[in-house]
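Here's the structure, in structure tokens; my notes come after.
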Amino acid sequence: MSAIRLPDGSVRRFDAPVTGDDLARAIGPGLARAAVAMVVSGRVVDLSSAIDADAEVRFITREDPEVLGLIRHDAAHVLAEAVQELYPGTEVTIGPAIENGFYYDFAHEPPFTPEDFPPIEAKMREIVAARAPFVREVWERAEAIAFFEAKGEKYKADIIRDLPEDETITLYRQGGWVDLCRGPHMRTTGDVGTAFKLMRTAGAYWRGDHRNPMLSRIYGTAWRNQKELDSYLAMLAEVERRDHRRISREMDLFHLQDEAVGSVFWHPLGWRLYRAIESYLRRRLDADGYQEVRTPQLVDRSLWEKSGHWEKFGAHMFTAEVADEHRTLALKPMNCPCHVQIFTRRLRSYRELPLRLAEFGSCHRYEPSGALHGIMRVRAFTQDDAHIFCTEEQIAAETIRFMALLSTVYRDLGFPAFEVKFADRPDVRAGSDETWDRAEAALREACAAASVAYTLNPGEGAFYGPKLEFVLKDAIGRDWQCGTLQVDFVMPERLDAEYVAEDGTRRRPVMLHRAILGSFERFIGILIEQYAGRLPLWLAPLQVVVTTIVSDADAYAALVARACEAAGLSVQQDNRNEKINAKVREWSLRHVPVLLVVGRREAEAGTVAVRRLGAAEQEVLPLGKAVGRLAAEARSPDLRPAAA
RNA sequence: GCCGACGUAGCUCAGCGGUAGAGCAACUGAUUCGUAAUCAGUAGGUCCUCGGUUCAAGUCCGAGCGUCGGCACCA
């Protein structure tokens with residue numbers, strides 16, 4: 001006897017266990033057709049599973065967004081069946097649903113390539129059209145292992161061996177094909193629908209461990225209908241359209257070349273953008289009690305040994321040997337040990353704390369070749385780094401203060417929304433468990449004091465301390481981890497930093513490592529993609545182009561350009577003998593925010609036609625007024641008069 | 001670093017054993033034109049590098065370098 005409560009509040013009672021299918025039919029034929037799975041007391045299960053106790057039950061149909069996970073998981077099974085049918089001898093491993101799609105990892109030599117997609121996709125569509133029911137079977141552990149080993153599926157057998165002893169081993173059958181799977185699945189392969197597409201292949205280590213064999217992964221995407229698939233593909237096209245590597249070439253910002261892999265050649269306009277951000281941030285830091293410092297690029301290895309970086313990251317440091325001196329220098333991969341040197345240079349008093357040392361620190365890291373990506377991941381980069389030396393009691397106040405600064409900077413740069421993650425102790429770490437307990441507790445309390453809501457990111461802390469990670473959301477919904485705040489009790493100990501407390505005793509300061517942008521290079525890449533190249537006027541490296549309609553206006557155009565320059569705007573003049581259409585097009589493609597178009601009319605009247613990037617209309621204004629407005633808009637946010 | 005794909009003119013790409021191509025950009029000339037491509041002409045290439053196969057190699061093979069997509073990494 002079970003009582004089943006439905007979403008509308010009604011309760012149905014059954015004397016015997018009832019399956020989802022039965023229940024749906026009992027409620028109505030429409031639901032019986034539409035349901036693909038159900039949620040029993042919060043757990044998604046197959047419609048074929050029986051309910052034998054009191055429960056709250058809700059059905060999932062194609063209308064529910066959560067059906068996407070089921071479609072994608074089922075699609076992964078369909079993919080695996082198709083692949084095994086077409087490529088006998090291929091071993092299956094795992095194939096989960098992921099954000100926007102699914103993948104399946106196969107052991108197959110040679111690895112699959114996109115050329116294999118058309119036949120695989122065609123086979124998948126056959127399997128979907130066949131509407132084979134998914135049938136769940138419970139197996140004995142030993143039998144299941146024997147079954148997969150007999151089939152030559154050693155990965156599957158391994159998976160079963162690693163499952164906890166009490167885990168129920170379930171297999172799902174679809175037509176003639178069967179796979180180890182926890183489920184749940186929809187009713188038939190037909191429920192996958194037709195809105196799916198294989199996207200790309202990739203190598204992926206078995207169980208994500210680089211010591212294991214590499215498997216051949218096939219990624220796909222799957223949606224409820226063609227319209228959703230199309231809009232997802234459109235989103236991908238948008239990502240490509242915004243690619244900072246393409247846009248920065250159009251804007252002539254920088255380039256990369258083989259002779260300096262992972263280092264940026266900043267062109268004049270790119271460097272202008274860089275400096276706009278740097279000066280803005282420098283003013284914000286100056287105003288917030290930071291003192292800027294500059295520390296060496298090349299530092300003897302002994303310092304890195306003391307700090308612990310040599311042991312953990314030595315393989316990723318660039319080193320230099322000097323011919324006459326017997327020493328190894330390392331290009332600094334980060335700034336904290338150097339900042340500690342400034343702190344420890346003399347005896348410090350508690351009165352000096354918190355001491356905030358900031359540096360736009362140029363760092364080099366020998367990143368693995370496969371990690372490099374445009375200017376987002378490079379080997380030479382500059383951090384907006386700072387270290388706050390303070391007492392344990394000051395951590396909370398400093399956290400609040402930092403959060404305020406960070407929010408302001410993100411807002412000014414066009415990222416009003418960000419999330420916070422709390423990354424706690426990693427497996428490999430420096431410092432005792434007691435130290436970590438204290439550091440994590442201090443950071444948690446600081447978050448509470450600053451009213452910061454965070455999600456946990458387990459095991460992802462730095463080797464010397466727990467950290468907060470600040471994750472930006474961009475205009476098309478992507479996440480970018482940029483800022484960080486790390487609590488460090490370990491480095492002051494290792495590098496012997498201390499101060500004299502009020503009572504005359506010597507104490508260890510706490511170090512807070514913090515950054516807002518992370519790396520300038522990466523952040524500028526993110527910024528370009530966020531704005532798709534259409535930077536706000538104050539950041540645009542080339543703000544204004546004055547362009548003529550007829551050559552009679554050349555002299556007047558020069559006057560206009562000088563007026564812009566005098567107002568501090570970055571301006572170029574375009575007197576080329578081209579049609580205005582062509583000039584508008586070219587400067588638009590270079591993402592120049594403002595075109596001041598002048599012809600005979602403007603020259604005579606002393607006006608300019610202001611054409612904003614992407615706008616169809618222009619506004620004709622007196623020159624002085626136009627320049628005044630643009631200059632006001634081009635002012636850095638921190639230099640603008642407070643809003644009235 | 002690992003797996004795969006790719007590397008041809010400034011950019012985007014075609015050519016896949018037999019005399020290096022196109023569009024755009026550049027340059028020259030004509031055109032003076034009102035808001036996203038005016039017309040004509042000219043010039044431009046160690047086909048990533050090194051080695052091999054071949055009468056003959058962008059083209060086939062090998063190694064290296066780099067880029068791209070994942071994986072792993074990210075102090």
Side-chain angles (χ1 to χ4, degrees), chain A residues 103 105 109-116 199-219 243 245-246 249-250 252 255-259 261-262 304 307-317 332-337 363 365-374 377 381 383 385 426 428-430 460-465 467 481 484 486 488 491 513 518-519 522 547-554 575-590 595-602 609-618 620:
Chain A
Y103 67 78
D105 285 346
E109 287 296 333
F112 294 109
T113 74
E115 283 169 22
D116 299 317
M199 302 297 286
R200 56 171 49 107
T201 58
Y205 298 110
W206 167 234
R207 290 184 163 145
D209 189 325
H210 68 273
R211 291 165 300 196
N212 287 339
M214 183 152 278
L215 304 169
S216 179
R217 175 174 297 179
I218 295 177
Y219 281 98
D243 192 314
R245 292 165 297 192
R246 195 174 57 74
R249 192 169 48 234
E250 291 164 358
D252 192 19
H255 82 270
L256 300 159
Q257 69 183 51
D258 293 358
E259 286 80 356
V261 171
W304 305 111
S307 70
H309 290 95
W310 190 264
E311 191 192 350
K312 187 142 196 328
F313 295 108
H316 297 282
M317 288 163 74
K332 72 173 168 187
M334 21 84 69
N335 309 296
C336 37
C363 297
R365 294 178 185 174
Y366 181 64
E367 301 285 3
S369 56
L372 301 177
H373 175 83
R377 187 84 181 267
F381 57 96
Q383 294 178 318
D385 201 6
V428 181
R429 55 180 181 262
E460 293 296 320
F463 76 91
Y464 46 70
K467 62 183 179 186
Q481 199 223 299
T484 183
Q486 309 173 3
D488 182 1
M491 204 64 58
H513 307 239
S519 115
R522 179 161 177 273
T547 184
T548 52
I549 290 171
V550 292
S551 50
D552 287 353
D554 285 0
N575 291 1
R576 284 175 310 156
N577 177 13
E578 289 290 344
K579 292 188 135 184
I580 191 62
N581 285 297
K583 296 206 262 192
V584 165
R585 178 166 195 274
E586 283 175 29
W587 292 113
S588 299
L589 289 174
R590 293 188 56 181
L595 287 187
L596 297 182
V597 180
V598 295
R600 286 199 191 92
R601 290 206 298 266
E602 288 77 12
V610 183
R611 186 192 202 280
R612 304 298 299 237
L613 176 57
E617 281 144 28
Q618 314 101 49
V620 178

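Lettering follows sequence order; numbering is per chain, from 1.
- Partner assigned to rG34(B) is none, using Watson-Crick or G-U wobble distances below 3.5 angstrom.
- Base pairing of rU53(B) is not made with any nucleotide, judged by Watson-Crick or G-U wobble geometry with both donor-acceptor distances under 3.5 Å.
- Residue Arg611(A) is in base contact, counting any heavy-atom pair closer than 4.0 Å across all strands shown.
- When Watson-Crick and G-U wobble pairs are counted only if both distances are under 3.5 Å, rG17(B) pairs with no nucleotide at all.
- Pair assignment for rC71(B) gives rG1(B), based on Watson-Crick or G-U wobble hydrogen-bonding distances that are each under 3.5 Å.
- Atom CZ of Arg585(A) is separated from atom P of rU35(B) by 16 Å (rounded to the nearest Å).
- Within 90° of 0 lies the glycosidic angle of rG58(B), which makes this nucleotide syn.
- Pair assignment for rG29(B) gives rC39(B), based on Watson-Crick or G-U wobble hydrogen-bonding distances that are each under 3.5 Å.
- Using a 4.0 Å heavy-atom distance criterion, Pro368(A) is classed as a base contact.
- Taking the ring axis of Phe463(A) as reference, the NZ or CZ atom of Arg429(A) does not stay both within 45° of it and closer than 6.0 Å to the ring centre.
- Looking at the side chain of Arg576(A), the nearest of the listed nucleotides rA26(B), rG34(B), rC3(B) is rA26(B).
- Lys583(A) places a side-chain N or O within donor-acceptor distance of the main-chain N or O of Arg576(A), the cut-off being under 3.5 Å.
- Base pairing annotation: rG45(B) forms no Watson-Crick or G-U wobble pair, as no partner gives both donor-acceptor distances under 3.5 Å.
- Counting any heavy atom pair closer than 4.0 Å across all strands shown, Gly465(A) reaches no nucleic acid atom.
- Nucleotide rC6(B): paired with rG66(B) (Watson-Crick or G-U wobble, both distances less than 3.5 Å).
- The shortest side-chain heavy-atom distance between Glu367(A) and Leu372(A) falls under the 4.5 Å cut-off.
- Salt-bridge formation is not detected for the pair Arg585(A)/Glu578(A): no Lys NZ or Arg NE/NH1/NH2 atom is positioned less than 4.0 Å from an Asp or Glu carboxylate oxygen.
- With rounding to the nearest 0.5 angstrom, the NE2 atom of His255(A) is 12.0 Å from the CZ atom of Arg249(A).
- Of the side-chain N and O atoms in Tyr219(A), one or more sit less than 4.0 angstrom from OP1 or OP2 of rC71(B).
- Across every strand in view, rG58(B) sits unpaired, with no contact that passes the Watson-Crick or G-U test at under 3.5 angstrom.
- Taking atom CZ on Arg249(A) and atom P on rC68(B), their separation rounds to 11 Å, with Å as the unit.
- For the pair Phe313(A) CZ and rC73(B) P, the computed distance is 12 Å after rounding to whole Å.
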